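Below is one structure; the comments refer to it alone.
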Amino acid sequence: RKEVEQDPGPFNVPEGATVAFNCTYSNSASQSFFWYRQDCRKEPKLLMSVYSSGNEDGRFTAQLNRASQYISLLIRDSKLSDSATYLCVVNKAGNNRKLIWGLGTSLAVNP
Amino acid sequence: ETGVTQTPRHLVMGMTNKKSLKCEQHLGHNAMYWYKQSAKKPLELMFVYSLEERVENNSVPSRFSPECPNSSHLFLHLHTLQPEDSALYLCASSQDLGGRLGEKLFFGSGTQLSVL
């Protein structure tokens, strides 16, 4: 089993739709979780951190489910500019210095 | 403008060439990283430098040679590469190595490398 798994997609959604991605992680001792966004041929950029209590930033909501070992990202009212690859990042258990990156989920928002 | 600049943006090289990738950070950070992103693979950490000292080398082949002359500059020297080394090479920096590192990483735009 991969340490961090994501559905690569692509997810094709119309503008205004709500879309959700999940990311599963294998090590129950992992402590820090993040969502990054990467546009085509660009560098990854931090979108938001995922806290135990959840995290909301405008149209974006991130949640953590420790019991089932996954994190989620919900995007409401999708915009064309949301089209990108969303990378799930988990710290290696017991070592906040080591990050494990998912392969990413590709999102295309269509007019 | 990310504060981390990489040059060149694109590089095509033959297997017998020697080239270098350059990274410069203007953020006053103490740690710098080289990552490799290949098609259909997740980001792979290659090297980590903290205060110009290499603290991590993740079993990277010797044809990749990093150099960190000071805390603002990081180089990746390339020689006798293979076609499978074609990838996006990303430099990143962070204030330090501790804490929630995922919140602290700033990436450069990357160098798209093609090895023929």
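These numbers come from the heavy atoms of this one structure, side chains and all, not from hydrogens, waters or symmetry mates. Numbered from 1 within each chain, the chains take letters A, B, ... in sequence-line order. All values reported here derive from a predicted model rather than from experimental measurement.
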Q. By a 4.5 Å heavy-atom criterion (distance strictly below it), what part of N58(B) contacts chain A: side chain, backbone, both, or neither?
A. side chain

(Q) Let me check something: do F60(A) and L64(A) share a hydrophobic cluster, defined by ILVMFWY side-chain heavy atoms less than 4.5 Å apart, either directly or through other members? (A) yes

Q. Roughly how far, to the nearest 0.5 Å, is the CG atom of L101(B) from the NZ atom of K98(A)?
A. 11.0 Å

Q: Answer with yes or no whether the hydrophobic clustering places V55(B) together with Y33(B); edges join I, L, V, M, F, W, Y residues whose side-chain heavy atoms lie under 4.5 Å apart.
A: yes

Q. Quick one: do the Q6(B) and E43(A) side chains pair a donor with an acceptor below 3.5 Å?
A. no

(Q) Side-chain heavy atoms nearer than 4.5 Å, only ILVMFWY residues, links allowed to pass through others: does that put F75(B) and L81(B) together? (A) no

Q: With a 4.5 angstrom heavy-atom cut-off, could you sort out which part of Q112(B) is near chain A: side chain, backbone, both or neither?
A: neither

Q) How far apart are the closest heavy atoms of W101(A) and P42(B), and which atoms are they? A) O-CB, 3.2 Å

Q. What distance separates L103(A) CG from Q37(B) CD, expressed to the nearest 0.5 Å?
A. 9.0 Å

Q) Would L21(B) end up clustered with V12(B) when hydrophobic side chains under 4.5 Å apart are linked, directly or stepwise? A) no

(Q) Does any backbone or side-chain atom of E44(B) lie under 4.5 Å from a heavy atom of chain A? Answer side chain, backbone, both or neither. (A) neither

Q: To the nearest 0.5 Å, tell me how far L43(B) CG sits from I100(A) CD1.
A: 11.0 Å

**Q.** Between CZ on residue R100(B) and CZ on residue F33(A), distance to nearest 0.5 Å
**A.** 9.0 Å

Q: Tell me, for Q38(A) versus chain B, whether the close heavy atoms (under 4.5 Å) come from the side chain, the backbone, both or neither.
A: side chain

Q: Before giving the answer on side chain to side chain contact (heavy atoms under 4.5 Å, CB included), spell out for F107(B) and K45(A) the whole-Å C-alpha distance, their side-chain angles and the decisive distance to 0.1 Å.
A: CA-CA 7 Å; F107(B) 284 90; K45(A) 292 182 180 179; over 6 Å; no

Q: Output the distance between atom NZ (K42(A)) and atom CG (L90(B)), rounded to the nearest 0.5 Å.
A: 13.0 Å

Q) Quick check: are there more than 12 heavy atoms from other residues, nucleotides or ligands sitting under 6.0 Å from CZ of R76(A)? A) yes

Q) Can you hop from L46(A) to L45(B) via hydrophobic side chains spaced under 4.5 Å? A) yes

Q. Would one find more than 12 heavy atoms of other residues, nucleotides or ligands at under 6.0 Å from atom CD of Q82(B)?
A. yes

Q | Spatial distance of atom CG (L99(A)) from atom NZ (K104(B)) [nearest 0.5 Å] | A | 11.0 Å

